[in-house]
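Input: a single structure, listed below in structure tokens.
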Amino acid sequence: MRLLLIEDDDRIAGPLTEGLGRYGFTVDHVRTGAAGLADAAADAAPDLVLLDLGLPDMDGLDVCRSLRTRSAVPIIMITARGEEADRIVGLELGADDYLAKPFGVRELIARIRAVTRRAGAPAYAPTGPVDVPEAHQPASGAQTLGPLAVNRRTREIHLAGRHIALTPREFDLLAFLADDPGTVHSRQQIMDTVWDPHFFGPTKTLDAHVAALRRKLGDPGWITTARGVGFRLTVPGDHSAAEGTG
């Protein structure tokens, strides 16, 4: 299955092309809307278009409009524009789906498969062994860290007997850090494990989730920052774990 990626940021396009290639896709990458329109009009037209909206020569919405007037090729918009208005306009112009950055390659592949099923395009079929990263599997059962109780079986958190409501990603992050309390986990290690080894987008999403957990736990001391490295989970006021990590 051949994909046309229209994306001007090589920091995203390079890893994305490599990641999709590992799943059996052939990816043609262009950096401008004009080049994308030319490629889509060639004899060997792509099976699906991944379209960024923030292009240097023209708005991605105009590219989408032009593509749709000449072709029924499935289009998935991938962009940092997450506003509802942009999503609505893109879909009304003929895009088949909309994926806001940051995102993981597994989510993108799920979208590709769903769109191609709906559009009747060639089905996704890997051309070789597919390296599908396994989801993080933390220790089973309940775990107690001071007043904090983490129950992985029920995916519930209690602090001093009080239930703490977390989003699924917040729970995954807290459970991962709780697997080895006191140990510093690098930002990349956390992103690879809790999010996706092929995660495309700013890592500030990790900082946002850490901030949310600190707020919900009521004490920033639960998750401490190792400057330039990453984060670790400690019981506030208990310095033994931190001292034992070296």
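Since this is a predicted model, take the numbers as computed values, not measurements.
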Atom pair [atom1]/[atom2] of [X] and [Y] - distance to nearest 0.5 Å:
{"X": "Leu51", "Y": "Leu61", "atom1": "CG", "atom2": "CG", "result": "8.0 Å"}
{"X": "Ile6", "Y": "Asp39", "atom1": "CD1", "atom2": "CG", "result": "8.0 Å"}
{"X": "Thr225", "Y": "Arg187", "atom1": "OG1", "atom2": "CZ", "result": "8.5 Å"}
{"X": "Phe231", "Y": "Arg214", "atom1": "CZ", "atom2": "CZ", "result": "6.0 Å"}
{"X": "Thr144", "Y": "Leu148", "atom1": "OG1", "atom2": "CG", "result": "8.0 Å"}
{"X": "Leu5", "Y": "Ile76", "atom1": "CG", "atom2": "CD1", "result": "11.5 Å"}

Side chains of [X] and [Y] in contact at under 4.5 Å (non-hydrogen atoms):
{"X": "Ile157", "Y": "Glu170", "answer": "no"}
{"X": "His158", "Y": "Asn151", "answer": "no"}
{"X": "Thr32", "Y": "Met58", "answer": "no"}
{"X": "Arg152", "Y": "Asp179", "answer": "yes"}
{"X": "Leu233", "Y": "Leu145", "answer": "yes"}
{"X": "Trp222", "Y": "Lys216", "answer": "no"}
{"X": "His209", "Y": "Val194", "answer": "no"}
{"X": "Leu108", "Y": "Leu20", "answer": "yes"}

- Query: Do Leu213 and Val235 share a hydrophobic cluster (ILVMFWY, side-chain heavy atoms under 4.5 Å, transitive)?
  - Reply: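 In one cluster: yes.
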
- Message: Tell me whether Ile78 shares a hydrophobic cluster with Leu91, the cluster being built from Ile, Leu, Val, Met, Phe, Trp, Tyr side chains joined at under 4.5 Å.
- Response: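 No, Ile78 and Leu91 fall in different hydrophobic clusters.
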
- Go through the steps for Val63 and Ile75 under the test side-chain contact (heavy atoms from CB on, under 4.5 Å), then give the verdict. CA-CA 10 Å; Val63 176; Ile75 301 171; over 6 Å; no

Side-chain ([X]) to main-chain ([Y]) donor-acceptor, under 3.5 angstrom:
{"X": "Asp57", "Y": "Gly33", "answer": "yes"}
{"X": "His29", "Y": "Gly14", "answer": "no"}
{"X": "Arg68", "Y": "Leu93", "answer": "no"}
{"X": "Thr234", "Y": "Gly221", "answer": "yes"}
{"X": "Thr116", "Y": "Arg113", "answer": "yes"}

For a quick test of reading the model, state the closest non-hydrogen atom pair linking [X] to [Y] and the distance between them.
{"X": "Gly94", "Y": "Cys64", "value": "C-SG, 4.3 Å"}
{"X": "Arg31", "Y": "Asp8", "value": "O-CB, 3.4 Å"}
{"X": "Ala226", "Y": "Val184", "value": "CB-CG1, 3.6 Å"}
{"X": "Ala45", "Y": "Ala40", "value": "CB-O, 3.8 Å"}
{"X": "Val30", "Y": "Ala35", "value": "CB-CB, 3.8 Å"}
{"X": "Pro46", "Y": "Val73", "value": "O-CG2, 3.6 Å"}

- Going through the checks in order, is the side-chain contact (heavy atoms from CB on, under 4.5 Å) test met by Val27 and Glu18? CA-CA 9 Å; Val27 182; Glu18 180 183 354; over 6 Å; no

- Query: Are a donor atom and an acceptor atom from the side chains of Arg232 and Thr224 found within less than 3.5 Å of each other?
  - Reply: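 Yes.
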
- Task: Please determine, by modelled atom types, if Thr69 and Arg65 share a side-chain donor-acceptor pair under 3.5 angstrom.
- Result: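 Side chains of Thr69 and Arg65: no pair found under 3.5 Å.
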
- Item | side-chain contact (heavy atoms from CB on, under 4.5 Å) between Tyr23 and Met1, intermediate numbers included | CA-CA 10 Å; Tyr23 285 81; Met1 184 174 185; over 6 Å; no

- Task: Test side-chain contact (heavy atoms from CB on, under 4.5 Å) on Phe25 and Asp47 and set out the steps.
- Result: CA-CA 10 Å; Phe25 292 96; Asp47 297 309; over 6 Å; no

- Item | Test side chain to side chain contact (heavy atoms under 4.5 Å, CB included) applied to Leu3 and Leu48, Thr17, Leu16, the passing residue |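 For Leu3, the side chain to side chain contact (heavy atoms under 4.5 Å, CB included) check succeeds only for Leu48.
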
